Every structure is written in structure tokens, then in C-alpha cells.
2 protein chains.
Amino acid sequence: MNPDAIKRSLAGSGLRSTPQRYAVMAFLMKQTSHPTAAEIFEAVNRVDPRSSRATIYNNLRDLVQAGLVREVAMEGRAARFDATGTRHHHFICDRCGKIEDMDWYAVPRPAAASLGKRVLRECELICRGLCTQCASRRAPTQDSGLKERINTWKKK
Amino acid sequence: MNPDAIKRSLAGSGLRSTPQRYAVMAFLMKQTSHPTAAEIFEAVNRVDPRSSRATIYNNLRDLVQAGLVREVAMEGRAARFDATGTRHHHFICDRCGKIEDMDWYAVPRPAAASLGKRVLRECELICRGLCTQCASRRAPTQDSGLKERINTWKKK
DNA sequence: ACAACTATTTAGATCATATCTAATCTGAAA
DNA sequence: TTTCAGATTAGATATGATCTAAATAGTTGT
């Protein structure tokens with residue numbers, strides 16, 4: 001996506017295009033993974049160190065509100081973000097916490113009767129299990145496993 | 001659910017039945033809402049003040065690991081818990097953050113080809129929109145709305 | 001009933017994540 | 001240009017969750 005397109009989509013949501021906000025958006029769009037706010041902060045400032053932590057959070061909040069970015073809450077870990085260019089479902093690894101995009105396919109919505117007076121905006125599918133890497137290893141690939149091993153070791 | 005049944009399901013997962021752990025489980029089972037850890041802490045201790053905060057978190061972690069309790073991560077808010085007695089999907093209100101259970105219905109799983117070597121454990125549907133109460137009001141029913149109103153007011 | 005073993009609990013410190021504050025700056029409309 | 005609401009900032013603060021090390025209490029075997 002070219003710079004002007006990003007600026008236009010920001011303007012379209014009533015958001016000014018500032019260097020900081022542009023950087024967050026551009027970074028998220030070229031990212032296939034789902035970075036945390038801290039990762040975005042670091043990556044953006046590595047290129048151009050003009051964003052404070054508050055600004056990253058402010059902009060993420062605004063971009064999410066504008067529907068340009070999606071936030072995925074994680075059990076016990078920092079939230080992760082992606083630019084909602086193409087529609088997709090999510091796969092979360094039970095073991096290492098990684099989020100991966102799954103091809104999108106239509107999911108049946110709840111029946112009107114069961115919705116009642118609720119107003120439905122969207123339905124997303126969260127799949128859980130083991131990612132390719134974790135599935136093929138006995139030991140976890142990240143912290144949770146390290147902790148486990150240390151605990152086991154301590155007790156001996 | 002009677003006391004013995006709870007104790008049996010704890011034992012079945014290799015967990016001792018302690019007053020504190022029993023209290024958390026019993027409270028979650030009779031709850032139709034989805035309390036946060038803080039709410040569980042308060043409710044459990046109102047009846048019998050013997051649980052520390054760490055114990056609540058320890059037990060929630062153990063119960064989730066045992067598959068007796070489900071944790072639902074929330075964007076920007078405390079995680080919420082429910083005892084996974086009956087299977088159901090979730091509806092999260094964009095405005096007040098309330099979680100409600102939706103009737104369960106089967107959701108098509110991702111195609112084997114798109115899963116690759118990943119190991120799928122479960123798929124859950126997260127529906128978002130406005131709850132009955134919020135849909136019928138102009139003003140939000142909780143904090144986010146209050147903040148909004150205060151901000152608007154400040155700038156005048 | 002008792003000893004022995006280990007899981008569990010505890011208060012408080014600490015960590016991790018996110019938000020707020022109030023002063024300052026800036027993009028873009030007129 | 002001027003103007004000003006929107007945006008940014010550093011640092012303080014709030015919130016949510018976990019860790020520590022010592023004390024306690026269920027289980028099991030005798």
C-alpha cells in the first residue's frame with residue numbers, strides 16, 4: 001500500500017496524518033505477525049525515534065476505534081494488533097501464545113431469536129491449539145515452558 | 001450441582017478439594033454472568049473470608065488448566081471466567097464490556113489444508129455488538145461512556 | 001492416631017501492561 | 001499566515017497478574 005492510500009484512509013476516518021500515526025499504521029500493514037504495543041513501539045522508533053509510549057497507545061486506540069486496526073486480547077499476555085486489510089480468523093497457540101491468521105470463511109450467525117434485542121456487529125472465530133512449530137516439538141518454544149522446567153528442577 | 005459432585009470433579013483433575021478452591025468453583029458454577037478475578041475474590045470472601053488474592057489467581061489458573069473453567073480475555077479490561085458446564089458461544093458488548101452466553105451451535109472448522117500441521121483443540125465464536133441494554137439507550141451504561149461525556153464536557 | 005510428604009495458602013513485594021496528566025506542539029482549514 | 005482543535009510528550013499513576021518464601025493443611029502409609 002502506498003503512502004497516499006494510507007493517508008487517505010486515515011483522513012477518511014477523521015484522523016490527521018501525523019508522522020507518528022502514519023508510522024504505526026504503515027508498520028502494521030506490512031506486518032504479517034501480530035505485534036504487541038511494546039513491539040510496535042520499538043519497531044517504529046527504531047526507524048524514527050519520535051513516538052512516546054503514550055502516543056503508540058493513543059494511536060492504537062484511535063485506529064481500533066476507526067476500524068482500521070484490530071485488537072486481539074490475550075489471556076495473561078499483552079494484547080496484539082493487526083491492520084484489518086483482509087478478513088481472516090485467528091489461531092492462537094496454547095503453548096507459545098503466537099497468533100496466526102487463518103483463511104477467512106463465512107461463519108453462521110446466531111439465530112435472530114437467540115440474539116433478541118442485541119445488535120450484532122461481527123462474529124469472529126478464535127481457534128486454539130498448537131501451532132506448527134509447537135506441535136512438532138516436545139518442549140514449548142517460549143517462556144511458559146522455561147518456567148515449567150525451572151519449577152520441576154527446583155523441586156529436586 | 002451438589003457439593004460432592006464438585007469435589008469429585010476436582011479430584012478427577014488431580015486437584016485437592018480445599019475450602020478456598022471449592023468456594024471458587026461453587027461460586028462460578030452458580031453464576032450466570034462472567035465475573036472477573038477481583039469480583040470472585042470479593043464474592044468468595046464475603047461468605048468466608050479465607051482466600052487471599054494470590055489463592056484466587058492460583059485456583060483460577062489451576063481450574064482453567066484442568067478444563068473446568070474457561071477464561072475469556074478482554075481488550076483493555078480484566079479477564080473474565082466461567083465454569084464450562086454447558087457449551088456456549090460468547091457475546092461481548094462493545095460499549096459496556098459485559099459478556100453474555102449465546103446458545104451453542106456447531107461452527108464449521110477450518111479446512112485441513114488451511115490448518116497444515118497445526119493441532120486444533122477448539123473453535124469458539126466471539127460475537128460483538130451492543131447488548132440489549134446498551135442497544136436501547138443512547139448513553140453507555142458504564143465507564144467508557146462516562147469518560148466520553150467528561151471529555152466532551154471538559155473541552156467546553 | 002501419628003508421622004511424613006507434598007500440595008496449597010498467605011501477605012506483601014514485584015512485575016507487566018495500560019492509562020492519565022497537564023504542558024506543549026502541529027497539521028491543515030480558512 | 002493565522003488559528004486552534006487535534007496530537008504528542010515524559011513521567012506519574014492505575015490496574016491486573018504473578019512471584020516469593022514461609023506457614024499451613026490435605027492426604028497417604030503405618
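All of these numbers come straight from a predicted model, not from anything done at the bench. Below, chain A is the first sequence line, B the second, and so on; all start at residue 1.
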Under 4.0 angstrom, heavy atoms only, what part of the nucleic acid is [X] near: base, sugar-phosphate, or nothing?
{"X": "A:D62", "value": "nothing"}
{"X": "B:R61", "value": "nothing"}
{"X": "B:A38", "value": "nothing"}
{"X": "A:S17", "value": "sugar-phosphate"}

*From A:H90 NE2 over to A:H88 NE2, what is the distance, rounded to the nearest 0.5 angstrom?*
3.0 Å
_Please determine whether a side-chain nitrogen or oxygen atom of B:T18 lies at a distance below 4.0 Å from atom OP1 or OP2 of C:dT9._
yes
*Presence of B:Y57 side-chain N/O under 4.0 Å of D:dA17 phosphate oxygens OP1/OP2*: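 So the side-chain polar atoms of B:Y57 do come within 4.0 Å of the phosphate oxygens OP1 or OP2 of D:dA17, strictly under.
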*Look at the aromatic rings of A:W104 and A:H89 and report parallel, tilted or perpendicular, splitting at 30° and 60°.*
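Plane angle under 30°, so parallel.
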*Give the rounded distance in Å between these two atoms: CD1 of A:I56 and C1' of C:dT17.*
15 Å
*Where each residue is assigned the nucleotide of DNA chain C containing its nearest heavy atom, which of B:R16 and B:S52 is assigned the position nearer the 5′ end?*
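Mapping each residue to its closest nucleotide by heavy atoms, the 5'-most match is B:R16.
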*Are A:F27 and A:L15 connected in a single hydrophobic cluster, I mean Ile/Leu/Val/Met/Phe/Trp/Tyr linked by side-chain heavy atoms less than 4.5 Å apart?*
yes
_By nearest heavy atom, map B:P19 and A:Q20 onto DNA chain D; which one lands nearer the 5' end?_
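With B:P19 and A:Q20 compared, the 5'-side residue is A:Q20.
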